[in-house]
Amino acid sequence: MIPVCRLADLPRGEAFRFENIPPIAVFHTDAGEVYAIDDTCTHQDASLSDGWLEGCEVECPLHASKFDLRTGRVDAPPAKLPVRAHQVVVEDGMIYVQLSQDAPNLPPCVAHRLAGEGAA
Amino acid sequence: MRTVAIVGASLAGLSAARALRSQGYDGRLVILGEEAHRPYDRPPLSKEFLAGEMPESALALETDDEALDAHWMLGARAVGLDRSDRAIRLSDGGTVRADGVVVATGAAARTLPAGGGLAGVHVLRTLDDARALREDLARGGTLVVVGGGFIGAEVASTARALGLEVTVVSATPTPLAGPLGPGMSGLVSTLHADHGVRLLCGTGVRGLSGGDRVEAVLLEDGRRLAADTVVVGVGARPCVEWLEGSGVALEDGVRCDAGGGTSVPGVVAVGDCAAWYDPAVGAHRRVEHWTGALERAAAAVTTLLSGGASAPEPVRAPYFWSDQYGVRLQFAGYSAEADRVTIEEGAADDRSFLAVSWRADRPVAVLGVNRARPFMRWRRRLATEAVQRAGSF
Ligand SMILES: Cc1cc2nc3c(=O)[nH]c(=O)nc-3n(C[C@H](O)[C@H](O)[C@H](O)COP(=O)(O)OP(=O)(O)OC[C@H]3O[C@@H](n4cnc5c(N)ncnc54)[C@H](O)[C@@H]3O)c2cc1C
Ligand code: FES
């Protein structure tokens, strides 16, 4: 479990980007739920924590793909692959994330860059 | 409706096919496209794909499990439309008859009047164009980009990162003055020089010179720029010649109402080929942006399936993005209406800011440079205000 941030620091309707490789986006919905998914859109290089949060969905700020925060599923194109959804636990006012064991679906340009950095 | 034919197998055409199926159309669906390729994404052609950071397979717009149940006719060019029975004539002599037609033939790159036929001179619109340009850029040397638009700027940025010597020639006093307006374009024009790209503004191109292969670009002011490769990025024209004489009204593209309906019943148009009536500005506007081709397809299909009876949902203001020199620009709205520009966040010198164009006390356009989150909020605000204004016309 990774401690991410305090619940009190993440108001409803807001998102937080947690620096990790790859980064994680944590959302506090208007209904009061907290969800965590991969922050990088699977379509291209955009940060979903910058996106538009509506209900249990986030719309990517670049080309408006929509992802279900509960499952990571794609609800609207152009993205073709889901983001990973991570398990969230809130304890004593602290948000913890348990990272998914699946391989992330990084967009080709980001995967290319990470591969380049790994080789360097 | 028993048969719907979509002409043009790219973003707008594919989005229309998806919208037809999701709105319950279960009849025959024919998708015609001149290119031999299945629908692919164009924006990476000047960015990641040209840079060699994205494989060709990643350009595909369809998903593996897409179940459109469509009959694809690729490599088929429409050359005419008979309005009486909505028969589409093909260049190979065949015809496709349909009860409903979606025109999604997009746009093609404009070329220079002189200098065609020289090796090393490129336009960039299709995958085949991008493959050819990529090969030439790999030779290194000097690149001259003719045109101060987005595609030219992106190619300049990509080629510079690949190590070429790059010059951009723009006929307007600042590049991107058309899409961004004079106030905003000045805020981003320094990006070229920051990255060692030479920018020559306010001068046109007289012609190109060379033997078999291009050797130089000749400017109207008499200068001669040596070039190993030239990219002509002087805009695009709508692909609507095939509709001439069909009765479908044309005027810088297919003239459409606010829901994509054309002057001929049973024919709608969407994407780069279409000039929709935009209630927010009270005029027809052809929008050449990716997001318009994607979002408006659903409205065009609603218009087609309802026979124009259902009032269209208001569309969002035109929006586009561009990646160049490692920064991301996002723009929405109508810069032509603006009388002043303010910086709401950040600073232009830091290449990270949010600027808003105003007409009197109304925001009419917003430009974000590496400011995705506030940009998104401003874009929504523009949309709300546009709807309110449309209501007051
Ligand atoms: C290099 C490049 C970079 C871009 N970058 C961006 C960007 O960063 N941001 C942005 O917002 N937009 C960008 N765009 C614009 C965006 O790609 C277009 O707005 C989008 O492709 C429009 O989709 P469309 O389906 O309407 O038309 P098109 O993609 O042009 O497709 C039309 C299709 O119809 C076919 N066709 C034409 N005539 C006929 C005929 N008579 N019969 C049969 N088929 C026909 C064509 O072959 C083509 O395949 C870029 C475009 C290019 C070329
Ligand atoms: S980057 Fe998210 S939809 Fe394109």
Side-chain angles (χ1 to χ4, degrees), chain A residues 10-11 13-18 23 25-28 30 39-55 57-67 72-83 105-120, chain B residues 11 14-15 17-19 22 39-44 47-66 158 289-295 297-298 316 319-323 326-330 332 354 368 370-381 383:
Chain A
L10 185 63
E14 293 292 330
F16 175 73
R17 175 180 153 114
F18 178 71
V26 183
F27 297 88
H28 192 178
D30 289 325
D39 184 52
T40 312
C41 184
T42 61
H43 178 235
Q44 278 162 28
D45 190 5
S47 184
L48 293 174
S49 55
D50 286 339
W52 188 261
L53 177 61
E54 199 152 324
E57 249 181 3
V58 63
E59 180 181 309
C60 175
L62 196 52
H63 313 122
S65 282
K66 287 184 187 163
F67 296 93
R73 190 187 71 186
V74 179
D75 285 347
K80 290 181 266 185
L81 298 172
V83 286
N105 292 315
L106 295 175
C109 48
V110 173
H112 183 273
R113 205 171 52 219
L114 288 178
E117 282 167 10
Chain B
L11 181 64
L14 176 66
S15 304
R18 287 175 171 159
S22 70
Y40 63 87
D41 208 18
R42 289 180 208 279
K47 312 178 182 76
E48 303 94 321
F49 179 76
L50 193 62
E53 292 169 2
M54 187 188 215
E56 214 163 284
S57 59
L59 295 175
L61 287 171
E62 293 164 276
T63 56
D64 292 339
D65 56 356
E66 188 119 26
T158 303
H289 305 326
W290 190 94
T291 304
L294 182 89
E295 287 182 349
R316 292 204 260 184
Y319 158 70
F320 64 82
W321 78 97
S322 171
D323 295 329
V327 302
R328 173 162 291 154
L329 315 181
Q330 291 176 287
L354 188 109
N370 283 348
R371 293 271 164 163
R373 191 185 297 210
F375 177 83
M376 184 121 184
R377 300 197 168 155
W378 273 95
R379 185 179 164 205
R380 299 252 161 184
R381 180 169 160 196

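Since we're looking at a predicted model, the values are computed, not measured. A note on names: the letters A, B, ... follow the listed sequences, proteins ahead of strands, and every chain is numbered from 1.
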Check your understanding: Which of the residues A:Cys109, A:Ser47, A:Pro107, A:Ala76 is involved in the greatest number of heavy-atom pairs with chain B at under 4.5 angstrom?
Key ->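 The residue among A:Cys109, A:Ser47, A:Pro107, A:Ala76 with the greatest pair count is A:Cys109.
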Contact origin within [X] toward chain A - heavy atom pairs under 4.5 Å:
{"X": "B:Pro43", "value": "neither"}
{"X": "B:Pro374", "value": "neither"}
{"X": "B:Phe375", "value": "neither"}
{"X": "B:Arg371", "value": "neither"}
{"X": "B:Asp65", "value": "neither"}
{"X": "B:Ala60", "value": "both"}

Do you know which of [options] has the most heavy-atom pairs with chain A at a distance under 4.5 angstrom?
{"options": "B:Arg377, B:Glu295, B:Arg379", "answer": "B:Arg377"}
{"options": "B:Arg328, B:Glu48, B:Arg18", "answer": "B:Arg328"}
{"options": "B:Lys47, B:Glu53, B:Glu66, B:Met54", "answer": "B:Glu53"}

Exercise for review: Take A:Thr42 and A:Phe67 through the test side chain to side chain contact (heavy atoms under 4.5 Å, CB included) and record every step on the way to the result.
Suggested key: CA-CA 10 Å; A:Thr42 61; A:Phe67 296 93; 3.8 Å; yes
Chain B heavy atoms under 4.5 Å from [X]: which part of the residue, side chain, backbone, both or neither?
{"X": "A:Leu81", "result": "neither"}
{"X": "A:Ala46", "result": "both"}
{"X": "A:Glu59", "result": "both"}

Look only at the side chain of [X] and the backbone of [Y], and say whether a donor-acceptor pair between them is shorter than 3.5 Å.
{"X": "A:Asp75", "Y": "A:Lys66", "result": "no"}
{"X": "A:Glu57", "Y": "A:Glu54", "result": "no"}
{"X": "B:Asn370", "Y": "B:Val327", "result": "no"}
{"X": "A:Ser49", "Y": "A:Asp39", "result": "no"}

Practice item. Output, in order, the C-alpha distance, side-chain angles, deciding distance and verdict of side chain to side chain contact (heavy atoms under 4.5 Å, CB included) for A:Cys41 and A:Val83. Key: CA-CA 7 Å; A:Cys41 184; A:Val83 286; over 6 Å; no
Practice item. Take the angle between the ring planes of B:Trp321 and B:Trp290 and call it parallel below 30°, perpendicular above 60°, tilted in between. Key: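 Answer is perpendicular, since the angle exceeds 60°.
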Review point. Are A:Arg113 and A:Asp45 close enough, and set up right, to give a side chain to side chain contact (heavy atoms under 4.5 Å, CB included), and what steps lead you there?
Key: CA-CA 11 Å; A:Arg113 205 171 52 219; A:Asp45 190 5; 3.3 Å; yes
Practice item. For B:Glu62 and B:Leu14, run side chain to side chain contact (heavy atoms under 4.5 Å, CB included): C-alpha distance rounded to whole Å, both residues' side-chain angles, the deciding distance at 0.1 Å, then the answer. Key: CA-CA 8 Å; B:Glu62 293 164 276; B:Leu14 176 66; 4.0 Å; yes
